[in-house]
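First comes the structure, then the notes that go with it.
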Amino acid sequence: MSTVLIVDDSATAREMLSSILQNVGMRVIEARDGVEAQQKITDSPPDIVVLDIIMPRMNGYDLCRWLKKTPNGQNIPVLMCSSKAEQFDRYWGIKQGADAYLAKPFHPSELIETVKNLLRSLA
């Protein structure tokens with residue numbers, strides 16, 4: 001069973017993402033911001049990270065850069081999932097090290113397919 005870390009400051013967004021991914025058999029852990037996510041990643045690295053961009057204390061861009069420079073995190077796929085939907089936002093997310101980018105709102109099947117594709121790329 002794959003473990004997904006969802007990082008979003010919105011409890012509603014975390015609950016929605018968790019529900020979608022748990023319904024397809026994934027184990028989900030959550031963090032409210034980048035600082036909390038860093039601790040969870042350090043303690044027990046997940047198989048994939050799904051993260052928002054705009055968060056307090058540490059935003060998604062900073063967390064992604066940190067993760068991709070961390071020896072035990074550099075191979076963990078990152079899916080940025082944000083309401084920032086402009087082409088520049090997508091470009092900047094990938095430039096920071098994200099492996100994929102989904103703009104909110106999205107269809108649940110898009111999330112599931114993207115997460116599964118990123119996990120398959122590890123195998």
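Separating the CZ atom in Arg32 from the CG atom in Asp9 is a distance of 10.5 Å, to the nearest 0.5 Å. With rounding to the nearest 0.5 angstrom, the CD atom of Glu30 is 7.5 Å from the NZ atom of Lys40. Going from atom CG of Asp52 over to atom SG of Cys81 covers 7.5 Å, rounded to the nearest 0.5 Å. With rounding to the nearest 0.5 Å, the separation of NZ in Lys104 from OG in Ser82 is 6.0 Å. Remark: Leu67 CG to Gln96 CD distance equals 13.0 Å, nearest 0.5 Å. Atoms NZ and CD1, from Lys116 and Ile48 in turn, are 12.0 Å apart once rounded to the nearest 0.5 Å.
Partner of Thr114 under the side-chain contact (heavy atoms from CB on, under 4.5 Å) criterion, out of Ile112, Leu118, Asn117: Leu118 alone. No option in Ile6, Thr3, Leu5 other than Ile6 meets the side-chain contact (heavy atoms from CB on, under 4.5 Å) test with Val28.
Ile41 approaches Asn72 most closely through the heavy-atom pair O-ND2, 4.0 Å. When every heavy atom of Met26 is checked against every heavy atom of Leu119, the shortest pair comes out as CE-CD1, 4.0 Å. Taking every heavy atom of both residues into account, Pro56 and Asp33 meet most closely at O-CB, 3.3 Å. Considering all non-hydrogen atoms of both residues, Gly34 and Val7 come closest at N-CG1, 4.2 Å. Nearest approach of Met1 to Gly25, heavy atoms of both residues: CG-O, 3.2 Å. Minimum heavy-atom separation, Lys68 to Pro77: NZ-CA, 4.1 Å.
Judged by distance alone, with hydrogens and angles left aside, the side-chain atoms of Thr70 form no donor-acceptor pair with the main-chain N or O of Gly73 at under 3.5 Å. Judged by distance alone, the side chain of Asn59 and the main-chain N or O of Ile54 form no donor-acceptor pair under 3.5 Å. Ser18 contributes no side-chain N or O that, together with a main-chain N or O of Glu15, makes up a donor-acceptor pair within less than 3.5 Å. A distance-only check finds a donor-acceptor pair linking the side chain of Arg14 to the backbone of Asp8 [under 3.5 Å].
Arg57 and Asp62 are not joined by a salt bridge, as no carboxylate oxygen comes within less than 4.0 angstrom of a charged side-chain nitrogen.
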Worked verdict on Leu111 versus Leu79 for side-chain contact (heavy atoms from CB on, under 4.5 Å)
CA-CA 9 Å; Leu111 173 68; Leu79 167 58; 3.8 Å; yes
